[in-house]
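See structure below.
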Amino acid sequence: DTGVSQDPRHKITKRGQNVTFRCDPISEHNRLYWYRQTLGQGPEFLTYFQNEAQLEKSRLLSDRFSAERPKGSFSTLEIQRTEQGDSAMYLCASRRMDGNNEKLFFGSGTQLSVL
Amino acid sequence: SQQGEEDPQALSIQEGENATMNCSYKTSINNLQWYRQNSGRGLVHLILIRSNEREKHSGRLRVTLDTSKKSSSLLITASRAADTASYFCATDEGTYKYIFGTGTRLKVLA
């Protein structure tokens, strides 16, 4: 257990529905990242936050995706009008924002299946 | 987008043998990290090497970095069945964004 928790672990939804995932990072970690991973591929960067500010969002991320981190604590990732191509593992990671601690702590992920 | 390419894509070895996997990347970096992922789980950090370092050791792991060739290698010595996993390199692109490679799937046969 890395200390980063994600909920739910699995989500099955029908095409066109909206889904929301939650990530609770390690409490003292300022930076929070979202990644997407499909079978046999490496994690693909989606977005990251420093405290409550969303500092970067991947150009590959369509406007159906939105992420928030209110109060700089937990984060949510919402996908609107899901498509079958959204089926993937969604991973959250966090880290402290000091110079010598660059390693990321990952949650176990949310596996999304869009039918 | 993925910055790194791991080589080989898959590797199968006998327990006790050494496993070597390579990573190539595209842009300048501050550091390069290696992560391990067991099937269906999140990633776990293994080791970090900074751009001004050439080699680093941690237990049975040895990492090298060649910034002139934009490449790194991860060596696992005396492999065990429990080392079976996917291994990914990640680079920071000189920012706080971490980009992962495509991974090497290692299978260690008992």
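The chains referred to below are lettered A, B, ... by the order of the sequence lines, with proteins before strands, and numbering in each begins at 1. Given the structure is predicted, the values throughout are model-derived calculations rather than measurements.
Only the side chain of A:Tyr35 has a heavy atom closer than 4.5 Å to any heavy atom of chain B. For A:Arg59, no part sits under 4.5 Å from any heavy atom of chain B, backbone or side chain. For chain A, the nearby part of B:Gln37 is the side chain; its heavy atoms alone come within less than 4.5 Å. Using a 4.5 Å cut-off between heavy atoms, A:Gln37 contacts chain B through its side chain alone, with no backbone atom that close.
In this structure the side chain of A:Pro43 never reaches within 4.5 angstrom of the side chain of B:Tyr35, judged on heavy atoms.
Every residue two or more places apart in sequence or in another chain that forms a side chain to side chain contact (heavy atoms under 4.5 Å, CB included) with A:Ser113 is listed here: A:Ile12.
B:Ser73 and B:Thr64 are linked by a side-chain donor-acceptor pair at a separation below 3.5 angstrom, with hydrogens and angles left out of the test. In summary, the side chains of B:Arg105 and B:Tyr87 do not present any donor paired with an acceptor at a separation below 3.5 Å, with no hydrogens or angles considered.
The greatest number of non-hydrogen atom pairs below 4.5 Å with chain B, out of A:Leu104, A:Leu55, A:Leu91, A:Thr47, is found for A:Leu104.
Geometrically, A:Arg95 does not engage A:Tyr33 in a cation-pi contact defined by less than 6.0 Å to the ring centre and at most 45° from the axis.
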